[in-house]
Protein chains: 2
Amino acid sequence: MLRAERLFQLTTLLRNRRTVLTAKQLSDHLGVSERTIYRDIQSLSLSGVPVEGEAGVGYRLSRHYQLPPLMFDRHEVEALLLGARMVASWGDPEMGRHAKQSMQKILAVLPDNLRHHDENLPLLVPQINEAQHFYTAHSQALRSAIRERQRVEIDYQREDGEASTRTIESLGLIFWGKVWTLVAWCQLRNDYRTFRLDRIQYLRVLEDKFETSDNKSLNHYLKLMENQCGQNTN
Amino acid sequence: MLRAERLFQLTTLLRNRRTVLTAKQLSDHLGVSERTIYRDIQSLSLSGVPVEGEAGVGYRLSRHYQLPPLMFDRHEVEALLLGARMVASWGDPEMGRHAKQSMQKILAVLPDNLRHHDENLPLLVPQINEAQHFYTAHSQALRSAIRERQRVEIDYQREDGEASTRTIESLGLIFWGKVWTLVAWCQLRNDYRTFRLDRIQYLRVLEDKFETSDNKSLNHYLKLMENQCGQNTN
DNA sequence: GTTTCTACTGACAAAAGCTGTCAGTGACGG
DNA sequence: CCGTCACTGACAGCTTTTGTCAGTAGAAAC
C-alpha cells in the first residue's frame, strides 16, 4: 500500500514541523515528483485533512489534527530495534538504558505478529564494554553540560601527546562510528574546536553558564562545516 | 484514493464493534468482493494494525488499538532519535528510510514540548554517503536473503588479498561501529564463517532455499562465540 | 470412514489507478 | 515587457488492484 503509506507520512511530516514545507522539500523527502505531491495534497484535502498552503510559501498541518493511533510495520519495528541496539552499544550507559526502556514501551503495544521481533532480529550490535566505555568517556556529563549550558574544564591530550587544559562551552556531540567527538567553543582559542571524547583525560562541569548566539552555536558550526565540505550532518 | 479510504473505513468499522464482523459482512458493507476484504485485512495486519481473526468467526480490532498514545519522556525521545540517526547513517539506505519514518510517527503523537526535539537534538550522526555505502554494501539483499532463507553466492576478498567464491547460508549481520559483518554457514568450509560486507566483491541471491537447525543457526553461532569470548552480543 | 460446507489463499486477465514529463496558466517582481 | 515560481491539465506508460475461479484445510454432519 505504497500510496496510502505515503499519504500518512505526509500528514506526520506536515504536523511535526513548526515551519512550513514546500512541495520541493516534500518531494525530496519522499522520493516522488512534485506533481505527485500536489496530487497527494489535493487528495488529503478532499478527504478532509486540514492542509493549509500558501503560494510561494509551503504547506503545514494544523497542530489540532488528530492522527490515528500509532502503528509500525515490520520494517519500522526492525529499524527501531536496530537503533536501540546501536545506542545501547555505542552510546553512553544512561543513553542505552533509555533506548531499551523506550523499546519496551513500543514492543508492549505491538500486535502479536510483531511483538517477538526483538528476540529474533538478525541484526546484532555487540556490547564490548571496555571498548565502548572508552569511546563514550564523559558523555553523560557533557550531555548535561550542553543542555544546561554550563562551561566545562577539560584536560585534553592530542594524538601527538600534547596536553592542554581548557575551559570550553559544549555545543554538541558527534558519532563517527566508534568515535565520539565534542563540538565546543574554546575560550583558549576563541573559536570552535572538536575534541575526541576518548582523549579527554579529565573533565569538570563548572557552575558558570554560557550563552549561545547566531555566531556561536551548534547550528552555526554546522553551517561552517557544510560550507567547507558540503556534507550532510543531521 | 479509493483503496486508502476503504482501509480507513475498515479500521473504523472494526474498532467500533463489540462483536466480530465476517468477511461477507464487510464486503457487503463496503461494496467489494470478499477476496478484496481478505487482502485488505492482510494489508492492515502487515502495516501493524492489530486485527484479530478467527476462522469461521470473523474479525475485530484488538483492544490495543484503542490504547492512549505512547508516553515517552525527554530522555527516551532523545535515545530514540539518536538511534534513528545512527541507523540512517550506518545502516543501509532502506533501513535508514524506515528509521526516519518510524521516528516521524512517534514525533507526531508526542506533546508539543517534545515534538521538536528532532530539530534541536545536539547529538549528531553525520551522513558521509560514500563511506557509509561502502560499509553497507549488499546489506539490503542480504537482509532479504536472511529473512527468506535463500542461499547466496559471493565473491569475497580477504584483507590479505586472497579471493574466493562461495555459496553461503546467511544467518545475521553484525555492526561493529563502522564495519558490518555477515555471519553465514559456508558450504565450502562446512562451518560458520564471517565476512566483512565491504570485502564482498560480488553477490547474487540464489533461488535455492536453506533450513536452519539447532546446530546451524545464528543463536547457535552466538553461543559458540560467547563460550569463546564471554562477551555480550544482543 | 466420506461428504459437504466454510474461510481462506494463489493465480490470472482485465480494469483501474498512479506516475513523471511537459506544456500551459496566473501571480508576482524586476 | 520578461522571467520565475507554484500549480494544473493532459498523456503515455507503468504499477497496482480487482473479481473470478480453482484449490486447500479444517470442521461438522452423515
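Note on naming: letters A, B, ... go to the chains in the order of the sequence lines (proteins, then strands), and numbering restarts at 1 for each one. Heavy atoms only: backbone and side chains are in, while hydrogens, waters and symmetry mates are out. Only a predicted model underlies this, so the values are computations on that prediction, with no experimental measurement involved.
When only modelled atom types and interatomic distance are considered, A/Gln9 and B/Gln104 share no side-chain donor-acceptor pair under 3.5 Å. A donor and an acceptor atom, one from each side chain of A/Ser43 and A/Arg3, are located under 3.5 Å apart. Side chains of B/Ser47 and A/Asp73: a donor-acceptor N/O pair is absent below 3.5 angstrom, by distance only. Looking only at atom types and distance, the side chain of A/Ser33 has no donor-acceptor partner in the side chain of A/Arg35 under 3.5 Å away. Between the side chains of B/Thr181 and B/Trp176, at least one donor N or O lies within less than 3.5 Å of an accepting N or O.
For the OP1/OP2 pair of D/dC7 and a distance below 4.0 Å, the side-chain nitrogens and oxygens of A/Tyr38 include at least one atom meeting the criterion. Not one side-chain nitrogen or oxygen of A/Ser33 sits closer than 4.0 Å to the OP1 or OP2 atom of C/dT19. At D/dT18, one or more side-chain N or O atoms of B/Arg6 fall inside 4.0 Å of OP1 or OP2 (strictly under the cut-off). For C/dC18, one of the phosphate oxygens OP1 or OP2 lies less than 4.0 angstrom from a side-chain nitrogen or oxygen of A/Arg3.
Judged by distance alone, with hydrogens and angles left aside, B/Arg35 brings a side-chain donor or acceptor within reach of the base of C/dG10, the pair sitting under 3.5 Å.
Taking the centre of each ring, B/Tyr135 and B/Trp180 stay at or above the 6.0 Å mark.
Between its two ends, the helix from C/dG1-D/dC30 to C/dG30-D/dC1 turns its axis by 30°, counting five pairs per end and rounding to 10 degrees.
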